*Asks:* 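One structure, as structure tokens, below. Some questions next.
One-based numbering along the sequence shown. Atoms within a ligand are numbered from 1 in the order they appear, just like the ligands themselves. Quick caveat, the model's predicted, so the values are computed rather than measured.
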Amino acid sequence: MDQRPIGVFDSGLGGLTVVKELMAQLPNENIVYFGDTARLPYGTRSRETIIKYSMQCIRFLLTQNIKAVVIACNTASSMALDAVKEVFDIPIIGVVEPGAAAAVKATRNGKVGIIGTEATVQSGSYSRAIASINADIQTCSVACSLFVPIVEEGWSDTSIAYLTAEIYLEPLKEWGADTLILGCTHYPLLMNTISKVMGPDVTLVNPAVGTAHEVKRILKQRDMLNNSYKEPQYCYYLSDFSQRFKQIGSRFLNREIEYAGKVDIENY
Ligand code: DGL
């Protein structure tokens, strides 16, 4: 048994969709969240920068006495997971492999669509992870850059979101994907809109679900689950604070969030 918190980081507040899933599947665990809101977005940055930022986020989380790291950000998971695993001696779990595994299970026609940020799509991370499980599965990826600002604006269920989704997703529909990976922290909030565009026969995969499952599996295997009945503690740190934090944060998490403090992330 290990009562130390799980550390979670993301480029901003989107990673709270992963925290939501961790809370659901691991209700006893304490969580420390770091959102790199000062340097958001990661999705348009270079590999080098994303690796540097991810290292700094993990160094900060390590000051919080964490027992494992979850990289909630799809972009950072795609670009930096291998690099950070080489440096830090702590379990580090990204969202890509669990998301890919869930899609492989879900597909019936062997055609999996992937949507994410520019960096995630360019990295080819999901396609590689899928090929390593089943090389016969075909993949097709589309970067949907406007989805992040649409979600942050609170416009997920509007006609603007729908029209934008139609433009991005039409090629994937045409191609015949029967499964679609929502490869970005923000996209689960667009689930209704994306489902309307893709139709009821396309399975939407939220990688957060498989990620939380994987975190549970790894902690259990190492006897590191928190089995105490104490009320869990949740702490949210950010590298920049704005008034939108509470509003956007509670939208992602479906509950109120209390700001723990600002972190000067360049010092890590
Ligand atoms: N959190 C990022 C991701 O999941 C989206 C926002 C960004 O570009 O930083 O890829």
*Asks:* Atom CD of residue position Gln233 - does it have more than 12 heavy atoms of other residues, nucleotides or ligands inside 6.0 Å?
*Replies:* no

*Asks:* Using a 4.0 Å heavy-atom threshold (strictly under), name the region of Thr117 that reaches ligand 1: side chain, backbone, both or neither.
*Replies:* side chain

*Asks:* Mind telling me whether Phe252 and His186 have parallel, tilted or perpendicular rings, with 30° and 60° as the class edges?
*Replies:* perpendicular

*Asks:* Check each atom of ligand 1 against the heavy atoms of Asp10 and keep those under 4.0 Å away; list them by number with element.
*Replies:*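 Ligand 1 atoms under the 4.0 Å threshold to Asp10: 1 (N).
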
*Asks:* Quick check on Gly12 - does any of its heavy atoms sit under 4.0 Å from an atom of ligand 1?
*Replies:* no

*Asks:* Just wondering, do Tyr268 and Ile58 contact through their side chains at under 4.5 Å, heavy atoms?
*Replies:*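 Of all side-chain heavy-atom pairs linking Tyr268 with Ile58, none is under 4.5 Å.
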
*Asks:* Closer than 3.5 angstrom, by distance alone: can the side chain of Lys262 be matched with the main-chain N or O of Phe241 as a donor-acceptor pair?
*Replies:*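 Not confirmed, Lys262 side chain does not pair with Phe241 backbone.
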
*Asks:* When you measure from atom 5 (C) of ligand 1 to every protein heavy atom, which one gives the shortest distance, and what is it?
*Replies:* Cys184 SG, 3.5 Å

*Asks:* For ligand 1, which atoms have a heavy atom of Pro41 less than 4.0 angstrom away?
*Replies:* 7 (C), 8 (O), 9 (O)

*Asks:* For ligand 1, does Leu40 get within less than 4.0 Å through its side chain, its backbone, both, or neither, judged by non-hydrogen atoms?
*Replies:* side chain

*Asks:* Please confirm whether the ring centroid of Tyr236 lies under 6.0 Å from the ring centroid of Phe245.
*Replies:* no

*Asks:* Please assess Phe147 against Tyr168 for the test ring-ring contact (aromatic ring centres under 6.0 Å, His included), listing each intermediate value before the final yes or no.
*Replies:* CA-CA 10 Å; Phe147 280 176; Tyr168 283 134; 5.2 Å; yes

*Asks:* Pairs of nitrogen or oxygen atoms closer than 3.5 Å, one from Ser11 and one from ligand 1: do any exist?
*Replies:*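 It does: an N or O of Ser11 is found under 3.5 Å from an N or O of ligand 1.
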
*Asks:* Do any nitrogen or oxygen atoms of Thr120 come within less than 3.5 Å of a nitrogen or oxygen of ligand 1?
*Replies:* no

*Asks:* Would you mind checking which non-hydrogen protein atom is closest to atom 8 (O) of ligand 1, with the distance to 0.1 Å?
*Replies:*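 Ranking protein heavy atoms by distance from atom 8 (O) of ligand 1, first comes Gly43 N, 2.9 Å.
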
*Asks:* What do you reckon, does Thr75 have a nitrogen or oxygen under 3.5 Å from a nitrogen or oxygen of ligand 1?
*Replies:* yes

*Asks:* For a quick test of reading the model, state the closest non-hydrogen atom pair linking Ile181 to Gly99 and the distance between them.
*Replies:*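 Looking at all heavy atoms of both residues, the closest pair is CD1-O, 4.1 Å.
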
